Amino acid sequence: MKKQRSFVFKCGACGHEEPKWLGRCPECGEWNTLEETAVTGRGKAGPQGKAGNSAIPQSFPLSSVDPLEGSRISSGVSELDRVLGGGIMKKSAILLGGEPGIGKSTLLLQAAAAAHVKGRILYVSGEESAGQVRMRADRLGIAKDASSRIEIFCSGNLESILTILEASKPALVMIDSAQTLFSSETGLLPGTVNQMKYCVWELISYVKERDCALFFTAHVTKDGVISGPKSLEHMVDTVLYFENAVPASGNEDCRFLRATKNRFGSVDEIGIFTMGEKGLSLVEDPSLLFLVRRDGELPPGVATAAVLEGSRPLLVEIQALTVPAKGSISRVFSDRIDSARVSRVAASIEKHLGMRLSDQDIYINVAGGIRIAETGADLALACAIYSARTNMPLPAKTAMAGELSLAGEIKSLRRLNSRIKAAANLGFTSFLFPAPGNSSDLELPVQDTGAAAYTPVKNIKDAIKSIFS
Ligand code: TYD
Ligand code: MG
């Protein structure tokens with residue numbers, strides 16, 4: 001089925017279309033923003049593409065549509081499944097972004113080998129030769145029966161890929177990478193963003209109509225910007241980012257996988273991997289990664305928070321340092337916790353504990369390079385700042401969770417029990433949490449061990465008193 005193609009010139013700023021090239025967009029007035037864009041005759045397709053090209057466009061009752069529920073497949077890599085929201089959704093397209101060398105190709109090949117799919121798997125490599133991919137498969141220890149169901153095709157030519165897709169009808173397609181895709185039919189310059197968008201759109205249209213799921217890899221530049229592929233984000237169902245993390249435990253091969261967009265799940269989950277000799281492996285107890293192993297006393301300025309990353313409780317070490325402000329105004333330096341939140345917590349300490357911080361520069365770090373957005377870290381953040389300013393260390397083996405209100409109260413949190421359990425499992429013997437009344441339906445899990453001390457706290461004053469007295 002040959003599609004009719006024509007070209008328009010589309011403004012990159014406002015999306016206005018012109019039949020011929022103009023130096024200035026007549027709609028928004030921007031200069032040099034009109035780019036040649038291919039248009040296909042897709043608009044004529046019937047509902048869900050079932051009717052032929054000649055069919056009159058028709059809408060249909062929502063109730064007549066089969067929900068996508070239940071059509072997930074496991075990638076065989078549990079951390080990947082978790083970030084996707086419970087597995088790979090059929091008919092979906094997933095973009096996997098990350099810096100070169102972070103492990104995108106490795107992850108896709110491991111998922112291709114382990115995926116619980118009945119049909120074939122097509123691995124399209126536009127960057128590496130078949131021999132290189134085979135070498136990686138051997139390094140990963142992929143067994144022969146797993147590698148024999150992976151079909152490999154080494155080209156970025158869209159038309160060839162579509163021909164192969166039609167012939168082999170795979171259940172899973174891996175495209176490595178989106179940047180190497182090109183189409184010989186568009187008449188567009190190879191390597192341009194429009195070329196890539198066109199190819200990605202064609203491939204997404206293919207999987208939307210079949211029992212197939214599609215992964216693309218895309219390189220991002222060092223400063224974290226997806227160059228070009230940023231423009232693919234609105235087309236795909238899920239956008240995953242693979243990023244490096246340097247955990248407190250000193251393991252430099254640690255990787256985080258996060259979703260920044262997910263039409264079929266939450267974007268709160270993170271997947272944690274380490275890259276080893278035999279590829280990516282799961283981290284059994286991720287909490288250990290973010291804690292610094294110390295014997296004896298803690299240094300001042302260090303507090304441990306039990307936070308939730310997605311559905312998983314993590315124990316993280318928050319480090320604070322306060323020094324007299326170098327300028328006339330004090331500043332907050334914090335790239336792992338939002339600086340505005342640090343300022344709010346500092347203001348709360350100043351107001352409710354009468355401790356002067358407005359003449360101090362405050363530096364905040366989270367061991368392990370993890371970014372904390374959850375407000376449950378407030379209490380530990382406040383304790384770390386207080387400890388740094390007074391030079392009094394917190395007692396060892398103490399963890400805490402609680403959100404700090406502007407009025408100085410410690411507010412309740414969701415899933416307090418699982419946080420406490422995670423802390424107890426890691427050997428924390430003392431836990432501060434929002435006082436009942438502030439927190440609902442709390443049952444203390446390991447209270448009867450005798451060794452553990454659970455301290456409900458109503459406000460920041462109570463908390464500081466119970467820790468430092
Ligand atoms: P790769 O998956 O090629 O990264 P990307 O596709 O994101 O560019 O991974 C490349 C790095 O991972 C490379 O530096 C080698 C390393 N690596 C391992 O340490 N162990 C392994 O088993 C594999 C396959 C790669
Ligand atoms: Mg690669």
Side-chain angles (χ1 to χ4, degrees), residues 75-80 83-84 93-115 121-144 146-147 150-157 161 172-182 191 196 199-200 203 214-230 232-233 236 238-247 249-260 270-283 289 369:
S75 68
V77 179
S78 59
E79 292 290 278
L80 177 59
V83 178
L84 288 172
I94 300 150
L95 180 68
L96 174 63
E99 286 175 14
I102 195 83
K104 300 179 295 297
S105 308
T106 307
L107 181 61
L108 285 199
L109 194 57
Q110 282 184 242
I121 295 160
L122 178 67
Y123 190 99
V124 179
S125 176
E127 294 182 352
E128 290 161 316
S129 67
Q132 278 173 299
V133 179
R134 172 65 204 266
M135 236 167 73
R136 177 177 290 130
D138 287 348
R139 182 173 179 185
L140 297 173
I142 294 175
K144 185 136 192 287
S147 67
I150 303 175
E151 302 276 315
I152 177 126
F153 179 63
C154 291
S155 164
N157 185 292
I161 296 170
L172 194 56
V173 185
M174 316 295 205
I175 306 279
D176 190 12
S177 65
Q179 276 111 335
T180 54
L181 291 172
F182 66 96
M196 176 177 71
C199 297
V200 166
L203 289 166
L214 179 64
F215 277 89
F216 293 100
T217 66
H219 302 299
V220 301
T221 54
K222 275 278 174 208
D223 51 10
V225 188
I226 290 203
S227 51
K230 194 93 200 156
L232 303 178
E233 289 191 353
V236 297
T238 304
V239 181
L240 305 179
Y241 282 95
F242 218 5
E243 58 189 36
N244 221 335
V246 186
S249 56
N251 183 344
E252 295 197 354
D253 299 314
C254 185
R255 311 270 193 271
F256 290 160
L257 184 68
R258 294 175 190 278
T260 58
I270 66 169
I272 303 172
F273 297 91
T274 52
M275 178 68 94
E277 268 311 296
K278 291 194 156 203
L280 294 158
S281 52
L282 317 182
V283 176
L289 283 173

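Here, residue 1 is the first one in the sequence, and each next residue gets the next number. None of the values given here were measured: they were computed from a predicted structure. Each ligand, and each atom within it, is numbered from 1 in the order the structure gives.
- The shortest contact between atom 2 (O) of ligand 1 and any protein heavy atom is with Thr106 OG1, 2.5 Å.
- When non-hydrogen atoms are compared, ligand 1 lies under 4.0 Å from the backbone of Pro100 (N, CA, C, O) but not from its side chain.
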Checking Glu243 against Glu99 for the side chain to side chain contact (heavy atoms under 4.5 Å, CB included) test, could you report, in this order, the C-alpha distance in whole Å, the side-chain angles of both residues, the deciding distance, and whether it holds?
CA-CA 7 Å; Glu243 58 189 36; Glu99 286 175 14; over 6 Å; no

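- Taking both residues in full, the closest heavy atoms of Leu282 and Ser78 are given as CD1-OG, 3.1 Å, listed atom of the first, atom of the second, then distance.
- Of the possible donor and acceptor atoms, one in the side chain of Arg255 sits under 3.5 Å from a partner among the backbone N and O of Ile102.
- When non-hydrogen atoms are compared, ligand 1 lies under 4.0 Å from the side chain of Met275 (C-beta onward) but not from its backbone.
- Nearest heavy atom pair, residue Ser129 against residue Cys154, reads C-SG, 3.7 Å.
- Nearest heavy atom pair, residue Leu181 against residue Cys199, reads CB-CB, 3.7 Å.
- Heavy-atom minimum distance, Thr238 versus Leu240: CG2-CD2, 3.7 Å.
- By the 3.5 Å distance cut-off applied to N or O atoms, Leu140 is not counted among the residues near ligand 1.
- Backbone and side-chain nitrogen or oxygen atoms of Ser105 are examined, and one is located within less than 3.5 angstrom of a nitrogen or oxygen of ligand 1.
- If you check which protein heavy atom lies closest to atom 3 (O) of ligand 1, you get Arg136 NH2, 2.8 Å.
- For His219, no heavy-atom contact with ligand 1 is shorter than 4.0 Å.
- Ranking protein heavy atoms by distance to atom 14 (O) of ligand 1, first place goes to Gly101 O, 4.3 Å.
- With contacts defined as side-chain heavy-atom distances shorter than 4.5 Å, the pair Leu257/Leu107 qualifies.
- From the protein, the heavy atom lying nearest to atom 4 (O) of ligand 1 is Gly103 N, 3.1 Å.
- With respect to atom 18 (C) of ligand 1, the closest heavy atom belonging to the protein is Arg139 NH2, 3.3 Å.
- No donor-acceptor pair under 3.5 Å is formed between the side chain of Gln110 and the backbone N or O of Val77.
- Counting only heavy atoms from C-beta outward, the side chains of Lys104 and His219 approach each other to under 4.5 Å.
- Nearest approach of Leu172 to Ala115, heavy atoms of both residues: CD2-CB, 3.7 Å.
- Excluding waters, the set of protein N/O/S atoms under 2.8 Å from the Mg ion (ligand 2) reads Ser105 OG.
- Across Pro100 and Val220, no two heavy atoms sit closer than the pair CD-O, 3.5 Å.
- Atoms of ligand 1 found under 4.0 Å from any heavy atom of Gly279, numbered from 1 in the order shown, are 20 (N), 21 (C), 22 (O).
- Near Glu99, with a cut-off below 4.0 Å to any heavy atom, the atoms of ligand 1 are 7 (O).
- Taking every non-hydrogen atom of Gly276 and a distance limit under 4.0 Å, the qualifying atoms of ligand 1 come out as 18 (C), 19 (O), 20 (N), 21 (C), 22 (O).
- Here the side chains of Phe215 and Val173 are not in contact, with every heavy-atom distance at 4.5 Å or above.
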